[in-house]
Amino acid sequence: MALSTHAYKGARDFYPEDKRLQKYMFDTWRRVVESFGYQEYDAPLIEPVDIYLAKTGEEIVNDQLYAFEDKGGRKVAIRPEMTPSVSRMVAARRQELAYPLRWYSIPNLWRYERPQRGRLREHYQLNIDIFGVADISADHEVILVAERIMKAFDAPAGSYEIRISSRKLVNYFFRDHLKLDDKQFHDASKLIDRWHKIEKADFEAQAKEILPVESYYQQLLVVLNSRNLDDLPAELKDHASVNELSKLMKLLGESGVDSAGFDFSVIRGMDYYDDIIFEVFDTSPENNRSMFGGGRYDGLVGLFGVEPLPTVGFGMGDVTLQNFLELHKLLPELEPEVDATVILIGEVYEKAQPVLAELREAGLNLAVDATERKLDAKIKNAAKAGMPGVIFLGEEELSNKTFKVKHLGSGKEKVLTRDKLLKHIDQWVSGEFES
RNA sequence: GCGAGCGUAGCUCAGUUGGUUAGAGCGUCUGCCUGUGGCGCAGAAAGUCGUGGGUUCGAGUCCCAUCGUUCGCCCCA
């Protein structure tokens, strides 16, 4: 029985054209976050399973963790998210690191799920976190970074929106104001998460199931329909979390983030979030979903036995981003980072070596075709491989010290001396020869 | 964990109520063209119809199982 050529279920092979796209996305991420002073870190793919038990969402740990025992009997898991790992790393050097600490990473993460659109078993995720800032400036910065990333991918205004809420406000409204018990609170939280997704009638029916008093439904509606903080009912407006949200909105407005707004339905899956939370939504009807999000989790670092550390961060997955970019036609044409194939004519492989070395030294990325196929086949293959051009090298060129170069995009051809070729590498690559 | 659709050539797919040697387009290879690609013309190679059972005189087609894949639910990125 032949071996399968498929990649493992829910995981992807990255052929060079896929890798170019991945590099484009990663490079864009890096450029933006590094412009805010974030530094890259990394951690092992495998962690002790314990670090996920306390605060990662229930379903992820129970059903979606790649967990196993190693040969030494240790219970370990492939990371389903990066936040516990970075919290562990920061906790380990809690006293010696300089705050505010700005770190990012682009880990690959694994969750055992049924693959579907926008969700695979292995994905990559940009994670950024700022540690040691308790005030709203950290929340502001992180959301601003998210916004700048969307702009860096040329996402047009209106193609996405940033929805912001506060777990403290949700807690206050459900727990203190409506006096919901644990189960009601849990169910209500899950329900409002689906506010934008399900029919209003279904929402009403389910809400009335959960809420102990019928009139609470109307109160919930008012809160969910509040597109800005002034629309909130008076009894919520005075809560401290609203004051914080209000400061945050003002800061975002002043820094040009016009895609952000208050939305009480934002919940986030992870249990560790404990204050401001946000999600970035694709607004197109074909893909109306949460692309990524994050928030404040002041309690997580402290779980590692050190003084707690205020933290804000977010994670942005490559799969959902790619869906977004494809849908909005924002993917650039990416070419291989090779300048040319040098087509050797005749028995010149050995004699060509010093010339090739010189051209490479000068900065050209050159592949060599020393096969004995016919010339047209070699040109066809260079074109098929996506090469910008070819350089012909035979006895004639070697003895004259000239290069016949052909730009495959334009079909233009020119004979250049070695000096001219070296001097005009840029023009050569773009097909604009100088005479 | 639950539900639905789809698996036919390297790729995208067609294949009639079950009926001889299973087709197309693209791609590949050869020639037209011995140092010049993309277009054209002529020709060629390439498929145990995902796999295993079953029904039938006869299965790519119907049934069951299984694997793969896609989509939805749950959950989430």
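Letters A, B, ... mirror the listed sequences (proteins, then strands); counts begin at 1.
Closest to the side chain of A:R194, from the set B:C73, B:A77, B:C2, is B:C73.
Below the 3.5 angstrom threshold, one finds no donor paired with an acceptor across the side chain of A:E279 and the base of B:A77. Donor-acceptor pairing under 3.5 Å, judged by distance alone, is absent between the side chain of A:R289 and the base of B:A77.
In RNA chain B, runs of at least 3 stacked Watson-Crick or G-U pairs (N1-N3 plus N6-O4 or O6-N4, or N1-O2 plus O6-N3, all under 3.5 Å) give these stems: B:1-7 with B:67-73, B:10-13 with B:23-26, B:28-32 with B:40-44, B:50-54 with B:62-66.
One finds no side-chain N or O of A:R114 lying less than 4.0 angstrom from the OP1 or OP2 phosphate oxygen of B:U70. Between A:Q116 and B:U70 there is no side-chain N or O to OP1 or OP2 distance below 4.0 Å. Using a 4.0 Å cut-off, no side-chain N or O of A:K197 falls inside it from OP1 or OP2 of B:G72.
Look at CZ on A:R119: it is 12 Å from C1' on B:G1, rounded to the nearest Å. Note: CG (A:L120) to P (B:U69) measures 11 Å, nearest angstrom.
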Next on the checklist: Please determine whether salt bridge (Lys or Arg N to Asp or Glu O under 4.0 Å) holds for the pair A:K200 and A:E204, giving the CA-CA distance in whole Å, both sets of side-chain angles, and the decisive distance to 0.1 Å.
Outcome noted: CA-CA 6 Å; A:K200 291 289 169 272; A:E204 179 173 355; over 6 Å; no
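Among the heavy atoms of the strands lying under 4.0 Å from A:M291 are primed sugar atoms or P, OP1, OP2 only; no base atom is included.
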Next on the checklist: What does the B/S/- profile of nucleotides 33-46 of chain B look like, 5' to 3', with a 4.0 Å heavy-atom cutoff to protein?
Outcome noted: S-BBBB--------
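Aromatic pair A:F264/A:F173: centroids less than 6.0 angstrom apart.
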